[in-house]
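Structure record follows, encoded as structure tokens.
So that the names make sense, note that chain A is the first sequence line, chain B the second, and so on, each numbered from 1.
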Amino acid sequence: MQKNIDNKQEITRKEAIKKIGNYGKYAALTALGTYMILNPQKAQAASAPSDPGTGF
Amino acid sequence: MKSMKTLYKVIEDKTITWFENTNEYVVLENTTADILKRLSKGISVEIIVNALSKKLDVPLEKAEDFILNLKKKLYEPNNSAKKEVINDDRYIKKPSSYNFVTFYKINEVIFKISYLNEKESSLIHPKFDHLVIDAVENFNNEFEVFINNNYIFLYVDKDYIGSWSHHHVHYFQGKFSMEIIQKIHQKKEEEWLGVFHASAISNGKKSMLFLGDSGNGKSTSLALLQANGFTCLADDFVPMDAKKQEVYSFPASISIKQNSLKTLIPIYPELATSTEYNFTRLNKVVRYLKPNNTNFFAHLPCNDLVFIKYEKDAKLSCKKISKIDAFQQLIPDSWLSPKKENAQLFLDWFGSLNCYQLTYSNNEEMIKTVSNIFKNDL
């Protein structure tokens, strides 16, 4: 089967918003639900070893 | 809903939210933080859903899904925390004698530190070698360090402080340093705001923190700056107090990696002959350089955070960076007090900072730039 999709066709922002319709609104919700959790070290530490080795 | 203690701080276009139960910092959109604030005030989900649905022009059920999901993820206490292995230390007997006993003097405070064997000594001593004094009868503090059953133990003035497996030896070293600063500066652990993995210099009036990944040149920059009129306050372990949010001096040596020797030996000829330590575990070979600080009681305010990077042939660049980006890099590398009052002080201090990214290859240009940052004259 042959597909005829013209990817080069450019549309304006306004047209794009119209095209995605209601889904555009949900982008705002997705942005609100995007966050970054940062955990400090659980205790004071010196520079951490890159290879913890096999024992003392 | 069970109330949860949170703090909020607007920085740039985000809200940093701190959760007391986990000591986590979460970078949120302002609207998301407002939703959390309303939930914690006891405002019903229905009211918040209605407001959000109107604001974003989305169907009620979508707004509701979003809020319930947010509430579940951020607001309800997470009890799945990994259980830590509890070491049963009751039957551990302290050694009756130690093979390495060393005395150190930090300002006027004398520490007697007893290491069971060379191994224990090698984990601590090299960074403090420049503080060694002859054995004395009277000392202020006694630390004991020994390995037993593959755990390393620390006692301070006869009190058990903790024990760590070899996987956590950097936490042992961190705790050791923490005990030292508590004794030098007469402050208990809860009186500290945090400890940063950074280098700290001062111009006598204020201090500046250098941050960056290992190998970026924090310590080398520090060594260059202390040869050019600045004072080294701390390297690798930078404590800050809660009361005044000042950077405190920590007396350990500056660790210099092999690839910096060529730059530094002309300035510090002693580095050519100083002992080389091969830390296979850290995958690095280092020599230690004495800090030029003579007053280990020193503590100074800090307004500037500099992410520093030495890059061969790089043109000097120093620009202000987003504080949110700086925050994301700072937190995972730091120990921050879990106390609510301290977390608030930390957020307020962070909010008042200037954050820079400094990339250089020419040492003189770097020194001049740091000098200008100190003068607020960039």
Side-chain angles (χ1 to χ4, degrees), chain A, chain B residues 16-17 22-29 31-32 35 52 56-59 62-63 65-66 69-70 73-74 119-120 147 150-152 165-178 194-195 197 214 236-237 239 255 279-284 327-328 330-336 338:
Chain A
M1 204 168 68
Q2 204 181 355
K3 282 185 181 175
N4 277 318
I5 301 169
D6 184 2
N7 285 327
K8 282 179 187 162
Q9 189 188 344
E10 285 186 19
I11 56 170
T12 63
R13 180 183 153 80
K14 205 174 170 185
E15 285 168 338
I17 289 169
K18 204 175 164 190
K19 217 170 183 179
I20 56 171
N22 269 336
Y23 291 101
K25 297 175 192 169
Y26 304 140
L29 265 188
T30 309
L32 293 187
T34 308
Y35 48 82
M36 180 171 284
I37 299 176
L38 300 162
N39 282 294
Q41 295 270 344
K42 297 287 175 222
Q44 305 83 13
S47 295
S50 51
D51 161 27
T54 51
F56 282 116
Chain B
I16 297 175
T17 307
T22 51
N23 194 21
E24 268 173 2
Y25 291 82
V26 183
V27 180
L28 295 170
E29 295 297 329
T31 306
T32 315
I35 294 170
L52 185 70
L56 299 182
D57 187 23
V58 292
K62 292 282 173 192
D65 274 358
F66 173 77
N69 193 32
L70 189 72
K73 278 192 183 151
L74 286 179
K119 177 76 209 179
E120 290 87 337
I147 293 169
N150 234 354
Y151 274 78
I152 189 154
S165 74
H166 69 277
H167 285 290
H168 294 131
V169 73
H170 55 296
Y171 288 123
F172 155 69
Q173 289 163 322
K175 190 55 127 183
F176 185 96
S177 299
M178 194 69 200
V195 175
H197 181 215
S214 173
D236 194 48
F237 188 90
S255 58
F279 295 108
T280 41
R281 288 167 48 92
L282 286 165
N283 196 20
K284 65 182 181 188
F327 194 79
Q328 288 173 13
L330 178 70
I331 302 304
D333 242 5
S334 309
W335 170 76
L336 293 169

Among [options], which residue forms the greatest number of heavy-atom pairs with chain A at distances under 4.5 Å?
options               : answer
B:N23, B:D65, B:V195  : B:N23
B:P239, B:P332, B:A63 : B:P332
B:L28, B:T32, B:N69   : B:T32

Name the region of [X], side chain, backbone, both or neither, that has any atom closer than 4.5 Å to a heavy atom of chain A.
X      : value
B:L70  : side chain
B:F327 : both
B:I147 : side chain
B:E120 : neither
B:F237 : side chain
B:S334 : backbone
B:I16  : neither
B:Y25  : both

Roughly how far, to the nearest 0.5 Å, is CG of A:N39 from CD1 of B:I331?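 Between atom CD1 of B:I331 and atom CG of A:N39 there are 10.0 Å.
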
Rounded to the nearest 0.5 Å, what's the gap from CG on B:L74 to CD1 on A:I37? Could you check?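 Separation between the atoms: 6.0 Å.
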
Non-hydrogen side-chain atoms of [X] and [Y] separated by less than 4.5 Å:
X      : Y      : value
B:F172 : B:I152 : yes
A:L38  : A:M36  : yes
B:F66  : B:I35  : yes

So does A:T34 get a backbone contact from the side chain of B:E29, meaning a donor-acceptor N/O pair under 3.5 Å?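 No.
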
Under 3.5 Å: donor-acceptor pair, side chain of B:S165, backbone of B:Y151: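 No, the answer is negative, given that no donor and acceptor are paired below the 3.5 Å cut-off.
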
Could you check which of A:A45, A:G33, A:A31, A:P40 has the highest count of heavy-atom pairs closer than 4.5 Å to chain B?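 The residue among A:A45, A:G33, A:A31, A:P40 with the greatest pair count is A:P40.
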
Hey, mind stepping through B:H197 and B:D236 against side chain to side chain donor-acceptor pair (under 3.5 Å) and telling me if it holds? CA-CA 5 Å; B:H197 181 215; B:D236 194 48; 2.9 Å; yes

